[in-house]
Amino acid sequence: MARERTLAIVKPDAVKRNLIGEVIRRIEQSGLQVAAARFLQLSRADAEGFYAVHKERPFFASLVGYMCSGPVMVMALEGDDAIKRWRDLMGATDPAKAAPGTIRKDLGQSVEANATHGSDAPETAAVEIAYFFRTIEVVARG
Ligand code: CDP
Ligand code: MG
């Protein structure tokens, strides 16, 4: 199992409902560790850049508007197999289809307002972490 880092975001819907602590509680309980954290309000350009891979998708404009609708908590997580473990903790994109006990099932409101983001592969994790954090801001926990 490789030691990995992944990007996690507590999205605006979850921040508005005061669920930052609940998400971090689940992260820490799972054994993953927070290696970097920032609380910030994304601009439209920030959200468009972050989700550039989805710019041709029908949901892109709505997704960008939603991601700018309030502050987000952005974190780099570290651990063995962290990318898959964080995706498993989050559950499927659509809360209605997510497995019981996952963050999106328990805390998500809709396919768009689904509480959290997680990177999907080592390459995207590296790009996404670098989008928000300088090298010096990510602290090794292992
Ligand atoms: O976040 P995840 O990797 O599970 O899903 P994605 O396919 O990479 O989509 C990115 C984000 O777009 C999702 O987390 C949703 O917030 C949003 N989305 C949406 O609004 N409508 C869809 N049909 C699919 C995704
Ligand atoms: Mg994705």
Side-chain angles (χ1 to χ4, degrees), residues 1-17 19-135 137-142:
M1 242 183 319
R3 190 93 186 145
E4 288 177 339
R5 286 176 179 160
T6 189
L7 189 83
I9 304 179
V10 185
K11 292 181 173 180
D13 66 290
V15 171
K16 278 185 188 135
R17 287 176 291 138
L19 294 170
I20 295 171
E22 174 61 16
V23 172
I24 294 176
R25 186 187 69 74
R26 291 182 187 221
I27 288 167
E28 292 193 316
Q29 195 144 12
S30 80
L32 291 171
Q33 292 182 296
V34 176
R38 284 181 77 184
F39 184 67
L40 71 167
Q41 169 70 53
L42 299 183
S43 69
R44 182 157 288 273
D46 293 333
E48 284 172 354
F50 181 71
Y51 278 122
V53 61
H54 290 313
K55 64 175 180 295
E56 308 302 337
R57 307 285 287 277
F59 57 81
F60 180 72
S62 177
L63 173 61
V64 167
Y66 155 65
M67 288 301 288
C68 307
S69 66
V72 293
M73 184 82 188
V74 185
M75 293 174 279
L77 308 181
E78 185 177 290
D80 293 334
D81 207 16
I83 295 167
K84 180 177 188 302
R85 280 168 66 196
W86 173 231
R87 297 242 7 146
D88 288 349
L89 264 186
M90 290 198 303
T93 306
D94 183 352
K97 296 179 186 149
T102 60
I103 289 173
R104 283 165 162 177
K105 181 67 166 190
D106 294 348
L107 310 178
Q109 297 188 300
S110 68
V111 65
E112 179 176 85
N114 58 4
T116 51
H117 167 85
S119 309
D120 60 11
E123 301 72 29
T124 46
V127 171
E128 290 179 0
I129 290 169
Y131 194 78
F132 289 106
F133 298 103
R134 297 183 300 148
T135 308
E137 294 173 322
V138 185
V139 182
R141 299 294 306 271

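Computed from a predicted model, the values in this text were never measured in an experiment.
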With sequence neighbours left out, write down each residue that passes side chain to side chain contact (heavy atoms under 4.5 Å, CB included) with [X], or none if nothing qualifies.
X	value
L19	A14, R17, E22, L107
A37	V34, M73, M75
E137	F133, R134

Under the side chain to side chain donor-acceptor pair (under 3.5 Å) rule, collect the residues that match up with [X], sequence neighbours excluded.
X	value
R44	none
E128	H117, S119
K84	D88
T124	D120

For the [atom1] atom of [X] and the [atom2] atom of [Y], what is their distance to the nearest 0.5 Å?
X	Y	atom1	atom2	value
M1	D81	CE	CG	6.0 Å
F132	L40	CZ	CG	6.0 Å
T116	K11	OG1	NZ	7.0 Å

Would you mind writing out the side-chain donor-acceptor pairs for residues 56-66 within the sub-3.5 Å range, not counting sequence neighbours?
| from | atom 1 | to | atom 2 | distance (Å) |
| --- | --- | --- | --- | --- |
| R57 | NH1 | H54 | ND1 | 3.2 |
| S62 | OG | E112 | OE2 | 2.5 |
| Y66 | OH | D13 | OD1 | 2.3 |

Shortest non-hydrogen contact from [X] toward [Y]:
X	Y	result
A8	L77	CB-CD1, 3.8 Å
T6	A82	CG2-O, 3.8 Å
F39	I20	CE1-CD1, 4.0 Å

Identify all side-chain donor-acceptor contacts of residues 91-103 below 3.5 Å with residues at least two apart in sequence or on another chain.
| from | atom 1 | to | atom 2 | distance (Å) |
| --- | --- | --- | --- | --- |
| D94 | OD1 | A96 | N | 3.0 |
| T102 | OG1 | A99 | O | 2.7 |
| T102 | OG1 | K105 | N | 3.3 |

Can you find a pair of side-chain heavy atoms, one from [X] and one from [Y], that are under 4.5 Å apart?
X	Y	value
I27	W86	yes
F50	L42	no
D80	R85	yes

Exercise for the section: Would you mind listing every salt bridge (charged side-chain N to carboxylate O under 4.0 Å, His left out) that reaches into residues 63-78, with sequence neighbours excluded? Expected result: R3-E78, R5-E78
Problem - Residues in salt bridge (charged side-chain N to carboxylate O under 4.0 Å, His left out) contact with R87, at least two apart in sequence or another chain - result: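 With neighbours one apart ignored, the set is empty.
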